[in-house]
Amino acid sequence: MCRIAILALSGFLAAAQIAGATDAAMLWSSKVQPLLDVNCTKCHGVLQQKGGLELDAIETLMKGGDDGAVVVPGKPQDSPLYKNLAADADPHMPPKKQLMEAERKVVREWIAAMSAAPVEAAAKPRPLRQFDSVTLAIDTLVAEGWKERKVKPAAAVDERTWCRRVYLDLAGRICTAGELKAFLDAPAESRRAALVDRLLASDEYPVRMRELWDVFLMGRPKRERSEDQRKNNGWWAFLENGFRTNRPWDEMVHAILVGRAEQPEDKGASWFLYERHNDHQAIAEAVAPVVYGTKINCAQCHDHPLAREIKQAHYWGLVAAYKRGKNVEGGAEVSESAIGGFDNFTNLKKESQPATVTLLSGGIVNEDRPAEGQKEEDADDKYIDAKAKVKVPKFSRRAAFAEAATHNNPLLARAFVNRVWAAFLGRGIVQPADEMNARNAPSHPELLDWLAQDFAAHKYDVRREVRGIVLSRVYALGTGDAPPETFAAEIERPLSAEQLARSWRIAAGLPPKDDALRRATITALPDVLPKDYNATYQQAQFLANSALLAGILKPEPTNTMARLTALPDPGARVREAFLATYARLPDAEEASQAKAFLKERSKQPAEADRDLLWAMMTSAEFFNHAVMMKIDSP
């Protein structure tokens with residue numbers, strides 16, 4: 001296991017070892033460490049160690065400072081770390097701020113739960129167990145976590161809810177009434193696996209995966225023109241073709257990092273670099289979460305102040321990997337010089353150091369550096385084809401980095417499985433999903449290790465990973481009040497703009513594709529997997545007044561509005577509206593309220609039907625990715 005992975009794992013296990021209980025380990029990682037980060041590590045962390053005390057990591061905290069230990073395991077009343085937080089303490093910590101009583105209580109509870117077990121024994125990773133499938137590994141290891149945490153998992157969703165959920169995740173839309181019926185009519189013992197396999201082989205799956213990874217890798221385009229450029233220059237096709245053919249993820253990443261069409265299926269991959277317009281720092285900051293699983297932006301001016309393993313050398317080394325690249329005008333290609341890019345960076349102590357391509361997973365890209373004062377000379381014989389429009393040097397620094405980043409780099413697999421887990425289950429095993437460092441402990445370390453090693457061992461098989469997740473018991477859970485990091489209940493997540501636009505059209509009884517509605521919805525609702533969802537005035541206005549949304553609610557032959565208006569009985573219209581939008585029948589209260597609404601506007605039945613359908617399509621239930629059905633199937 002690489003250094004960063006060991007650090008992340010050992011940090012968690014050390015906390016558990018000291019605590020002697022999973023509860024205390026989770027208190028440290030989820031509450032105590034973040035509390036110290038905000039209030040203490042500026043003076044007692046990587047950058048400063050006042051009194052010889054470092055509070056940014058469990059290992060350094062337990063060593064104490066110049067005046068000795070600050071924590072006595074199991075005895076908060078004897079622990080300076082806790083005692084100095086009191087309002088009348090002398091010395092008082094933090095010096096210019098008083099923590100709230102609830103914050104002090106968290107520190108007290110954590111210390112009280114600790115035992116005096118030695119930290120050193122925790123750094124040895126346990127051998128991974130063997131499981132026959134991804135699904136079995138997930139269900140076994142997560143269930144063990146429930147037992148350890150004394151958490152009762154939520155009940156499983158019904159078949160209708162599961163069908164809606166998996167269509168949203170793999171096809172990017174809700175299922176039609178016919179698709180739902182076909183699923184429910186299939187043999188119960190095999191229908192879930194059969195549906196997943198069919199969706200994974202469909203044309204909608206690669207589009208949905210492209211939509212996710214386009215945002216993960218590039219962010220939302222700021223203008224429609226930017227989206228058009230991604231599509232027209234082959235970026236979308238590169239991603240979709242990769243997911244359609246189940247191309248190994250390490251190969252796709254290698255093509256992205258090199259940014260040259262070394263083989264036909266690499267065409268379009270160069271847009272990842274090209275769109276960033278020779279901003280080598282922006283490129284480095286975009287590359288890091290893909291190959292390391294974590295952002296490294298905070299290591300630009302100094303070593304990362306919280307995640308000790310991330311050094312300035314890693315940041316500027318990644319910048320150096322792309323320093324020789326330059327966009328070629330009139331195309332989407334990125335040329336590369338054979339010389340230059342030998343820069344230095346300066347730390348906070350004003351010390352100058354060479355920017356060498358240094359990998360966070362360990363090792364460097366070796367390259368002869370010119371002596372100080374020596375001027376490099378460019379020459380044709382340093383290139384594969386000196387007359388080519390897109391120059392490729394015989395020694396390509398970025399190709400050398402791509403090789404190192406996609407071979408013998410366990411972080412690559414960890415980064416992918418954690419991100420795809422977050423995409424399908426609402427949060428990462430490490431959260432935030434793009435900050436997998438020693439600062440953020442995995443909620444299920446053995447599961448993360450197993451998934452990553454299994455993914456790499458099976459040649460980075462994306463489809464196998466996705467299939468294993470969506471067929472798991474964890475994926476099929478309903479609502480509950482368990483802590484989200486336990487994965488003992490579904491984690492609510494809003495639909496993405498693309499899912500909404502297509503699902504609105506399905507609910508309206510129309511084909512799912514509508515580029516104008518999709519673009520308008522993205523403009524109003526651009527976030528994908530937001531950490532915190534907050535509705536805005538702009539979104540409310542769009543949902544209440546969109547002409548495009550109104551346009552799909554006009555009666556047309558065979559669409560939902562036409563079916564509603566053809567039914568004379570308000571109760572029948574209500575039932576039809578619920579089946580079209582929620583794939584379920586209304587409960588008694590819902591039916592009563594909806595029928596009353598239609599009767600009040602009986603003089604304008606078409607408008608009443610439209611407004612009912614509109615309200616349901618913009619409701620919280622429709623927006624929720626996987627809502628628990630209220631009643632049995634009709």
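None of the values given here were measured: they were computed from a predicted structure. Excluded from the calculations below are hydrogen atoms, water molecules and symmetry mates; all remaining heavy atoms, backbone and side chain alike, are included.
- No salt bridge links D214 with R220; every basic N to acidic carboxylate O contact stays at or beyond 4.0 Å.
- Under a 3.5 Å cut-off, the side chain of N418 and the backbone N or O of V430 do form a donor-acceptor pair.
- Counting only residues at least two apart or on different chains, no salt bridge (charged side-chain N to carboxylate O under 4.0 Å, His left out) pair has a member in residues 276-293.
- Using a 4.0 Å cut-off between a side-chain N of Lys or Arg and a carboxylate O of Asp or Glu, R208 and D169 do not qualify as a salt bridge.
- Using a cut-off of 4.0 Å between Lys/Arg side-chain N and Asp/Glu carboxylate O, D449 and R414 are scored as salt-bridged.
- Of the N and O atoms on the side chains of Y315 and Q281, at least one donor lies less than 3.5 Å from an acceptor on the other residue.
- No side-chain N or O of Q229 forms a donor-acceptor pair with one of N233 less than 3.5 Å apart.
- Taking 4.0 Å as the cut-off between side-chain N and carboxylate O, R210 and E240 count as a salt-bridged pair.
- Annotation: salt bridge (Lys or Arg N to Asp or Glu O under 4.0 Å) contacts of E227 (sequence neighbours excluded): R518, R519.
- The two residues H444 and E485 make their nearest non-hydrogen contact at CE1-O, 3.2 Å.
- Side chains of T294 and E435: a donor-acceptor N/O pair is absent below 3.5 angstrom, by distance only.
- No side-chain donor-acceptor contact under 3.5 Å links N344 to the backbone of S352.
- Between W213 and W249, the distance separating the two ring centers is shorter than 6.0 angstrom.
- Residues H304 and E309 have side chains that never bring a donor and an acceptor to within less than 3.5 angstrom of each other.
- E490 places no side-chain N or O within donor-acceptor distance of the main-chain N or O of Y475, the cut-off being under 3.5 Å.
- A salt bridge links E367 with R397: at least one charged nitrogen is closer than 4.0 Å to a carboxylate oxygen.
- A salt bridge does not link D266 with R260: every distance from a Lys NZ or Arg NE/NH1/NH2 to an Asp or Glu carboxylate oxygen is 4.0 Å or more.
- Using a 3.5 Å distance cut-off with no hydrogens or angles, the side chains of D454 and H458 do pair a donor with an acceptor.
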